[in-house]
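What you are looking at is a predicted structure, and each value in this text was computed from that prediction instead of being measured. First listed ligand is number 1; within each ligand, the first listed atom is number 1.
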Amino acid sequence: MAIERIDVDVTSPGRNFVTAVVTTSDGVVGLGDATLNGRELAVASYLRDHVAPTLLGRDESQIESIWQYLYRSPYWRRGPVTMAAVAAIDMALWDIAAKKAGVPLYKLLGGASRTGLLSYAHASGTTIERLNEAIHGYVEQGFQAVRIQAGVPGLDQIYGVHDSAPGGKYEYEPAGRTAAGAPLRPTEETWDTRAYLRHLPTVFAGVREEFGPELRLLHDGHHRMSPIEAARLAKDIEPYDPFWLEDCTPGEDQSVLRLVRQHSVTPLAIGEVFNSVHDYQTLITERLIDYVRSSSTHAGGITGLRQIMAFAAVYGIRSGFHGPTDVSPVGMAANLHLGLAIHNFGIQEYMPHSETTLSVFRTSYRFEDGLLHPGETPGLGVDLDREAAAAHEYVPAYLPVNRLRDGSVHDW
Ligand code: GCO
Ligand code: MG
């Protein structure tokens, strides 16, 4: 059989998503996530204009060969736009293969290595009290791990920090939609690393005091620190037994993690902005990280992410796949199938999609007692209601910009 048609659907049910819809000559449809937050249309064009025409008529079962063709043949390798496009086709082909075999995808990837995937929620609050309220909400839902982000005295708005609604219901979108009539550009935030470094250990102390030693606590530094600042933070939070410190420095400078490692035993997680195994080469071979943060959506699909995890396995490094709302339910399902199958799974980020998103993408994964499971539906287990999706038109939305108090642009 062969690839007969490739559609690229851009839809915005609550937020923007790009989905490749691949149809075979015998009528099987596979879905792949190509959502790149704030740059969605670039990937849609890459897929429509440069990928889809080259794949029509090819044998859809040659997943590895098509991956290599898309990776090597254009000459221009890697990069987030390219690899999100490769990811979407790869996921759709795996979806088709598993649907044809009549099995949930994890069974084609080696079968289940565990009963479910330990997952962590995003808890945050402008104060430690509000943060603790949010954590209580998640603990009541069964979460055994939470990412804790808190406001810093003196700073107005920090990316990823919001107070949750009563009852622990907490939804936010990383990318802010532009209000009608407003200039088409990202919002701006002000940052002060010294204030943050002073404050964060007190946040860990306040949460540990409330919840005791068992709850797993994670924190995302969102690339904002210099190497020596990161080393200090990793050391200062060490007494509170963090599960991990994520993105303590911008990940592309791999060797700086040596410095952080010299000063602490706080586990480190990096990689949500990476897109290939080569981005991890130093980090993995020198064991400078403990968790791989990539998602299938941004790292070349299941084939790309499986390559990274096979390499990481040799060094005892585990997965902590990226699972924010900007990874679509299709990308999330791909992460879950792979996570269930590989031996070196660690933890899965779980930021549930809104009801509007889930009314368009129908999922079969489930969350129970702190664990996620991809479900038993053949393929990825996600359906896209294309008619409902078409009613939600693309709306420009951007991630914020971060500046220091003197106005200079900072990592965020
Ligand atoms: C995380 C994140 C996200 C990213 C977002 C960018 O989940 O750890 O850092 O919230 O900022 O996915 O698109
Ligand atoms: Mg992150």
field: Carboxylate-amine/guanidinium proximity below 4.0 Å for Arg386 and Asp9
entry: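 The answer is yes: the pair qualifies as a salt bridge.
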
- request: Kindly compute the distance separating CG (Leu305) from NE2 (His298), expressed to the nearest 0.5 Å.
  value: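 One finds 11.5 Å between CG of Leu305 and NE2 of His298.
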
Those atoms of ligand 1 less than 4.0 Å from some heavy atom in [X]:
X: Asn37; result: 6 (C), 13 (O)
X: Pro324; result: 7 (O), 12 (O)
X: Glu246; result: 8 (O)
X: Asp220; result: 1 (C), 2 (C), 8 (O), 9 (O)

- prompt: Is the shortest N/O to N/O distance between Asp326 and ligand 1 below 3.5 Å?
  reply: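 By distance alone, the answer is yes.
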
field: Test of proximity, Arg293 against ligand 1: N or O pairs below 3.5 Å
entry: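 There is such a contact, yes.
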
task: Could you tell me whether ligand 1 has any atom less than 4.0 Å away from a heavy atom of Met351?
output: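 Contact absent.
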
- request: State, without any angle test, whether Asn335 and Ser295 hold a side-chain donor-acceptor pair at a distance under 3.5 Å.
  value: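 No, because no side-chain N or O of Asn335 sits under 3.5 Å from a partner of the opposite role on Ser295.
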
- prompt: Quick one: is the NZ or CZ of Arg224 closer than 6.0 Å to the six-membered ring centre of Tyr159, and within 45° of its axis?
  reply: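 Arg224 over Tyr159 ring: no.
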
task: Could you tell me whether Arg15 sits above the aromatic face of Phe17, with NZ or CZ closer than 6.0 angstrom to the six-membered ring centre and within 45 degrees of the axis?
output: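 Geometry flag: set, cation within 6.0 Å and 45°.
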
message: Using 30° and 60° as the class boundaries, would you call the ring planes of Tyr196 and Trp191 parallel, tilted or perpendicular?
response: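 Geometry flag for Trp191 against Tyr196: tilted rings.
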
